[in-house]
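Every chain is numbered from 1 and lettered A, B, ... according to where its sequence line falls, protein lines coming before strand lines.
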There are 2 protein chains.
Amino acid sequence: MTRRVTSFDVAARAGVSQSAVSRVFSGASASKATSDKVREAAEALGYRPNVLARSLITGRSRIIGMVVAYLGNPFYPDALERFSRVFQDEGYHTLVFTLPEGAGDTDTDRIIQQMLDHQVDGIVLASVGLGDALAARCEAAGIPVVLFNRGQAGSGLAQVTSANRLGGAKVAEFLVAGGHRRIGHVAGWQGSSTGRDRTEGFVARLAELGQEAVGIEDGRYDHAEAVRATDVLVARGVDALFVGNDHMAFAVMDHLRSALGLKIPGDVSVVGYDDVPMAGFAAYDLTTVRQPVGRMVKATVAALVNQIEDKSAQAEVTEIDGPLILRGSARIPEGLA
Amino acid sequence: MTRRVTSFDVAARAGVSQSAVSRVFSGASASKATSDKVREAAEALGYRPNVLARSLITGRSRIIGMVVAYLGNPFYPDALERFSRVFQDEGYHTLVFTLPEGAGDTDTDRIIQQMLDHQVDGIVLASVGLGDALAARCEAAGIPVVLFNRGQAGSGLAQVTSANRLGGAKVAEFLVAGGHRRIGHVAGWQGSSTGRDRTEGFVARLAELGQEAVGIEDGRYDHAEAVRATDVLVARGVDALFVGNDHMAFAVMDHLRSALGLKIPGDVSVVGYDDVPMAGFAAYDLTTVRQPVGRMVKATVAALVNQIEDKSAQAEVTEIDGPLILRGSARIPEGLA
DNA sequence: CGTGGATTTGCATAGGTGTGCAAAATCAGG
DNA sequence: CCTGATTTTGCACACCTATGCAAATCCACG
């Protein structure tokens, strides 16, 4: 393995100083003449600036740390893929961390520490919370953090979510308009803002319409829990279920049809949340609230890059509205296409 | 933002030299006494070694570059999650790159270049090929490459796949034993080794059993293509379909049931490949050949780490066998549970 | 206590780049 | 051609750690 070619080599060949080479490649001022000479020499030698050395001195790595909890829910791979792509376009790269099963605070701590070690320029937490102590540490290190698809009131952290309360409300309206009077709710994890907000919006709107849920069970965004919740609610005779995300909704539908022998939407209407690609598959054909992933990702990247480039920028809280996508898993009210 | 605390600061406080600090943190020899003093001082100051400076001098970044083409197929998020976890356990981190839609050679080139720029210690290509020129460049840079779930004959690259030929053969045996005599095949992309191998094993075994496929259509690992292929094969009156991967199989099943009104497995048996988690969902209940992701990932990591730590290590080609998982989407032969 | 060997320690330098500062070069205008 | 303003260039140093080498320290044994 031959030694790396450095800026000195290029400088020697081009007949200029090392600083000149550096300036050409970091976009600082340089005359046309030297710039040409340098580029030509670099080309000939196959020179590429050493990213590590550059990061060491500038203190900016152009790497984004991304923590993602659970890729089993297809919403996140989709988001991850988009993140990676958008960051690449912005000239950043994505260092991915996954949280172990029992996501303890110690684990988050260790991961954040490793990110700081790598001097990431920014952090995206997808569906992961951040303790105040850690948030403070990132703040102190001057590393901006954006929460994706999770809010954290009073944390002062930037966050991007969909309009979860509104989404929950839309489902309430839709189900009531569809004539349902025994509505149950397999809630998203109530320890997360998304779960709580969807539930709150849903319950509040139901109340405004003079209804009350027959039952609310926390499905914890988990397959097995969702099935358990379904059993409880079916026992109470529901005729419609609002499920906290699509991932659980699939489990719920499978259980309703296969284990309980119920027809969808004949016996029970089911509505989900996310509009994951799979929701459109014929086997589920799930009516669901769309989370506009593309726009959410773009907003997250924009907020992060903004904070990176302008340290004084404020941490924004962004909510993006998404439509209810009508499919076949829930009875459609008269008068709607 | 306060200046970073360096090894000099720690040295001063502990009353030793900077090299002593370095040695303590890089695990070199140091007496108990100094080691204790250094650790204490480091703790008090909140010192952490600067990874960038370390990488710059050692030439090892402890970062693995990972290229993944398409996270829409749930096989890959699953693998990615495991990779990230296993690498973390080994003290490496994962820099993720995604390939744009029309994965041209130029794109791969650019991505590899960026990885080399970041001086990754190794590269995993998940379901992505590598031109000879690029392979040579990695070789020259001393960066080992392992292909995951893709082979490339004659490339001299390390690769980990499942036993695809054998898997295809198993399906052939299973379908014939089930009494099917009009078997069709929605093949995996014939431009990939996995697609070709599965097809070859399948076709060869069929021939040995005195049968021939009613038709073979390349589904290109794509939903729409798989549906098109299904139409073609159904028109030829198939009573069983071997589909190149689960991702396509779901599309095929949806199309068979919803659009064509056929019963599975009553009218048509369907067998997939991968055993993605979703294959076990009641809505599909897909009989499929399991790719043992866990073992494949571990083998890939082991091969890579081995090559990183011992530059003279040979590039191994690993094939891991996986069982046929019997579920309800295909008629089960007499005498099998 | 003396001596040889093993271990530990400090010095100094390398790794490759960005950047402040002053000197040099360029340019415009009279 | 001269002068002052502006741009370009080179020098030297900073960024922070790892490591070869020689000096120093330690240990055990006679």
Spacing of [X] atom [atom1] relative to [N] atom [atom2], expressed in whole Å:
{"X": "B:His118", "N": "C:dT17", "atom1": "NE2", "atom2": "P", "value": "14 Å"}
{"X": "A:Leu56", "N": "C:dA14", "atom1": "CG", "atom2": "P", "value": "17 Å"}
{"X": "A:Arg54", "N": "C:dG18", "atom1": "CZ", "atom2": "P", "value": "4 Å"}
{"X": "B:Arg48", "N": "D:dC16", "atom1": "CZ", "atom2": "P", "value": "16 Å"}
{"X": "A:Gln119", "N": "D:dT17", "atom1": "CD", "atom2": "C1'", "value": "12 Å"}
{"X": "A:Leu52", "N": "C:dA14", "atom1": "CG", "atom2": "C1'", "value": "15 Å"}
{"X": "B:Phe25", "N": "D:dT17", "atom1": "CZ", "atom2": "C1'", "value": "12 Å"}
{"X": "B:Asn50", "N": "D:dA14", "atom1": "CG", "atom2": "C1'", "value": "13 Å"}

Let me check something: any side-chain donor-acceptor pairs from residues 33-45 of chain A under 3.5 Å, sequence neighbours excluded? List them with distances.
from	atom 1	to	atom 2	distance (Å)
A:Thr34	OG1	A:Ser31	O	3.1
A:Thr34	OG1	A:Ser31	OG	3.0
A:Asp36	OD2	A:Lys32	NZ	2.8

Reckon [X] touches a base, only the sugar-phosphate, or nothing at all at heavy-atom distances under 4.0 Å?
{"X": "B:Ser19", "result": "base"}
{"X": "A:Ser22", "result": "base"}
{"X": "B:Thr34", "result": "sugar-phosphate"}

**Study point:** Set of residues satisfying side chain to side chain donor-acceptor pair (under 3.5 Å) with respect to B:Ser17, sequence neighbours excluded
**Key:**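 Expected list: B:Ser19.
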**Study point:** Test side chain to side chain donor-acceptor pair (under 3.5 Å) applied to B:Thr194 - qualifying residues, sequence neighbours left out
**Key:**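 So B:Thr194 forms a side chain to side chain donor-acceptor pair (under 3.5 Å) with B:Ser192, B:Tyr221.
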Enumerate donor-acceptor pairs with a distance under 3.5 Å from any side-chain N or O in residues 149-160 of chain B to protein atoms, sequence neighbours excluded.
from	atom 1	to	atom 2	distance (Å)
B:Asn149	ND2	B:Tyr76	OH	3.0
B:Arg150	NH2	B:Ser127	OG	3.2
B:Gln152	OE1	B:Leu130	N	3.2
B:Gln152	NE2	B:Leu130	O	2.6
B:Ser155	OG	B:Gln152	O	2.7
B:Ser155	OG	B:Leu157	N	3.2
B:Gln159	OE1	B:Gln152	N	3.4
B:Gln159	NE2	B:Leu157	O	3.3

Review point. Is a donor on one side and an acceptor on the other found under 3.5 Å between the side chain of A:Ser162 and the backbone of A:Ile320?
Key: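 Side chain of A:Ser162 to backbone of A:Ile320, a donor-acceptor pair under 3.5 Å: no, none is there.
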Review point. Quick check: does any side chain N or O of B:Asp9 sit under 3.5 Å from a backbone N or O of B:Thr6, one acting as donor and the other as acceptor?
Key: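 Side chain of B:Asp9 to backbone of B:Thr6, a donor-acceptor pair under 3.5 Å: yes, one is there.
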Can you list the residues that meet the side chain to side chain contact (heavy atoms under 4.5 Å, CB included) rule with [X], with sequence neighbours excluded?
{"X": "A:Pro144", "answer": "A:Leu304, A:Gln307, A:Ile308, A:Lys311"}
{"X": "B:Val305", "answer": "B:Glu90, B:Tyr92, B:Val301, B:Glu309"}
{"X": "A:Thr98", "answer": "A:Val68, B:Glu81, B:Ser84, B:Arg85, B:Gln88"}

Exercise for review: Could you pull out all residues at least two apart from A:Arg110 that satisfy salt bridge (Lys or Arg N to Asp or Glu O under 4.0 Å)?
Suggested key: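 Applying salt bridge (Lys or Arg N to Asp or Glu O under 4.0 Å) to A:Arg110 gives A:Asp107.
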Check your understanding: Do the charged groups of B:Arg137 and B:Asp109 touch, with an N to O distance under 4.0 Å?
Key ->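 Result for this pair is yes, salt bridge flagged.
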Do any side-chain atoms of residues 112-126 of chain A form donor-acceptor pairs under 3.5 angstrom with protein atoms, and if so which ones, sequence neighbours left out?
from	atom 1	to	atom 2	distance (Å)
A:Gln114	OE1	B:His93	NE2	3.2
A:Asp117	OD1	B:Arg48	NH1	3.3
A:Asp117	OD2	B:Arg48	NH1	2.6
A:Gln119	OE1	B:Asn50	ND2	3.4
A:Asp121	OD1	A:Ser61	N	3.0
A:Asp121	OD2	A:Ser61	N	3.4
A:Asp121	OD2	A:Arg62	N	2.7

Check your understanding: Out of D:dG10, C:dG10, D:dT9, which nucleotide sits closest to the side chain of B:Arg23?
Key ->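 Among the listed nucleotides, the one closest to the side chain of B:Arg23 is C:dG10.
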Point to revise | Near-strand residues of residues 57-65 of chain A, defined as heavy-atom separation under 4.0 angstrom from DNA chain D | key: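 DNA chain D contact set from residues 57-65 of chain A: A:Ile57.
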Check your understanding: Hey, can you pull the residues of residues 6-18 of chain B with a non-hydrogen atom under 4.0 angstrom from DNA chain D?
Key ->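 By residue number: B:Thr6, B:Ser7, B:Phe8, B:Gln18.
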Check your understanding: Quick one: bend of the helix from C:dC1-D:dG30 to C:dG30-D:dC1 from 5 pairs per end, to 10°?
Key ->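 Answer for the end axes of this duplex: 30°.
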